[in-house]
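Being a predicted model, the structure only gives us computed values, none of them experimental. By convention here, the first residue in the shown sequence is residue 1.
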Amino acid sequence: MHDVLIALLTGNRSVDQRMWRSFWDRLHDGALQPGETVALLTSLSTRMPDQSTLSALLRSLDERRPPVGVRLDDTVNIVGTGGGPRTFNISTASAFVAAAMGVRVVKTGSRAYSSTCGSFDLLERLGIGLTVSYGQTEATLERFGIAFPGHFVYPREVMALAKSILPLDLRTLGGFINKVGPFLAAMPVSAQLVGVSDPSLLPSLRHIAAAVADRKIWLCANDLGIDELVSSVDNVIHTNDGSGEIRLRADAPGRAPGGITELRPTGDDTTVVEHFLDVLSGNGTSLATRTVCWNAAALAVAGGRIEEWPEAIAAAEDALRGGGALDLVNRMRAQPAHRAADPRGVR
């Protein structure tokens with residue numbers, strides 16, 4: 001059994017970068033024993049590794065990546081850890097609203113893991129293609145102000161792990177991959193908004209974020225366990241830039257209900273697109289509209305487009321209710337050249 005597995009299963013020592021490097025080398029060489037990758041994913045998904053092990057894991061993957069070659073300045077990535085109560089595609093809707101406000105946005109994501117319809121699933125149904133390279137991502141940003149990078153941003157080791165556990169899949173064993181997914185995607189942006197559904201992850205994710213020097217990272221959490229800002233409850237944003245915590249108080253009583261029923265996904269799988277477009281048309285519920293606008297505002301403030309929160313929220317409501325967000329979706333849907341096929345990823 002590889003030293004990485006012994007260390008993880010016994011819990012008596014941290015795994016350093018050298019040990020992770022050896023594990024990945026053996027994975028790609030086909031030299032691991034049967035079941036070792038299943039044991040790895042099971043261990044990581046059952047118990048979050050200590051911070052030293054986690055940091056070494058991420059560094060070991062970063063050192064194996066090919067050079068990115070571009071820098072997406074003044075661009076914000078919105079992404080979440082998944083998990084928590086099921087909601088409609090809030091972050092994807094927020095990305096379109098923010099882009100309609102003039103914020104340069106990328107949205108990394110995946111197919112559905114814990115949700116009914118993941119961001120990649122929704123985009124496929126909308127007819128909006130994922131970008132397949134950093135160059136195409138940059139060009140799409142220049143054209144539309146928004147882009148949806150495909151699986152090329154993730155380490156190839158994730159794909160190798162997925163293949164090695166067949167006939168099992170990462171929907172079963174990939175909980176850890178989703179939890180740290182926001183830090184697995186190599187996106188050379190200036191800021192990143194990360195929704196965190198499980199508050200127990202915050203110490204580890206804050207530790208990771210503190211070591212990131214090339215971009216601002218905002219970790220968002222609330223008591224509902226939804227991995228986006230929600231306007232009906234208090235939210236906290238943990239920053240990595242020395243600015244401390246940002247606290248967003250719930251809307252005034254009566255402005256938006258406290259429950260999350262209005263954020264639930266549509267019960268009918270065939271109406272996912274219709275429901276999503278209704279929200280972007282300004283025909284969504286009060287809570288859905290306000291929540292989308294809060295997250296779009298966060299992208300604007302994190303990206304430096306707008307400084308003050310009230311102004312950013314008002315601008316988001318204008319972009320949504322004025323038709324700018326829906327128009328952007330329709331323009332992207334009308335571009336066949338944008339529908340480049342993306343190699344199917346791990347989930």
Side-chain angles (χ1 to χ4, degrees), residues 1-66 79-84 110 113-114 153-166 168-186 192 194 196-215 217 219 221 225 227 238-240 346-347:
M1 183 179 292
H2 195 278
D3 286 346
V4 166
L5 290 173
I6 295 174
L8 290 175
L9 294 175
T10 61
N12 59 6
R13 60 171 169 155
S14 296
V15 180
D16 61 26
Q17 192 168 340
R18 176 191 58 80
M19 294 167 64
W20 281 117
R21 187 181 297 132
S22 170
F23 187 90
W24 303 132
D25 287 343
R26 294 187 66 177
L27 172 64
H28 286 294
D29 291 342
L32 292 173
Q33 297 179 35
E36 285 193 298
T37 51
V38 172
L40 175 78
L41 289 169
T42 301
S43 175
L44 292 174
S45 297
T46 301
R47 181 181 61 191
M48 179 66 73
D50 65 83
Q51 293 179 356
S52 177
T53 294
L54 182 57
S55 295
L57 185 159
L58 294 174
R59 290 196 305 270
S60 74
L61 293 174
D62 284 340
E63 70 181 3
R64 305 173 77 90
R65 300 180 194 267
V79 62
T81 60
S110 68
Y113 173 69
S114 59
V153 301
Y154 294 102
R156 61 177 185 152
E157 286 73 21
V158 174
M159 178 65 75
L161 285 172
K163 291 180 178 179
S164 73
I165 66 173
L166 292 172
L168 301 176
D169 61 48
L170 287 187
R171 289 175 65 90
T172 304
L173 296 175
F176 172 78
I177 302 296
N178 283 272
K179 291 172 183 175
V180 300
F183 296 94
L184 290 177
Q192 183 169 320
V194 180
V196 181
S197 61
D198 182 354
S200 72
L201 298 177
L202 282 170
S204 294
L205 298 186
R206 292 182 68 181
H207 176 78
I208 297 171
V212 176
D214 66 345
R215 64 191 183 278
I217 295 177
L219 301 171
D227 65 344
H238 303 274
T239 69
N240 73 331
V346 297
R347 48 205 155 106

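- Between Arg64 and Asp25 there is a salt bridge, with a side-chain nitrogen of the basic residue lying less than 4.0 Å from a carboxylate oxygen of the acidic one.
- Side-chain contact between Phe176 and Met48: present, with at least one pair of heavy atoms (C-beta onward) separated by less than 4.5 Å.
- The main-chain N or O of Pro49 is never found under 3.5 Å from a side-chain atom of Thr53 such that the two would form a donor-acceptor pair.
- In this structure the side chain of Trp20 reaches within 4.5 angstrom of the side chain of Val15, judged on heavy atoms.
- A salt bridge between Arg21 and Glu63 is present, with a side-chain N of the basic residue lying under 4.0 Å from a carboxylate O of the acidic one.
- Counting only distance, with no hydrogens or angles, the side chain of Ser45 and the backbone of Leu173 share a donor-acceptor pair below 3.5 Å.
- Within 6.0 Å of the CZ atom in Arg65, the count of heavy atoms belonging to other residues, nucleotides or ligands exceeds 12.
- There is no side-chain donor-acceptor pair under 3.5 Å between His2 and Gln33.
- Using a distance-only test at 3.5 Å, with no hydrogens or angles considered, a donor-acceptor pair links the side chain of Gln192 to the main chain of Pro182.
- Residue Thr81 comes nearest to Lys179 through the heavy atom pair CG2-O, 3.5 Å, listed as atom of the first residue, atom of the second, then distance.
- Contact check for Gln51 versus Pro203: side-chain heavy atoms found under the 4.5 Å cut-off.
- Annotation: side chain to side chain donor-acceptor pair (under 3.5 Å) contacts involving residues 6-16, sequence neighbours excluded, comprise Thr10-Asn12, Ser14-Asp50.
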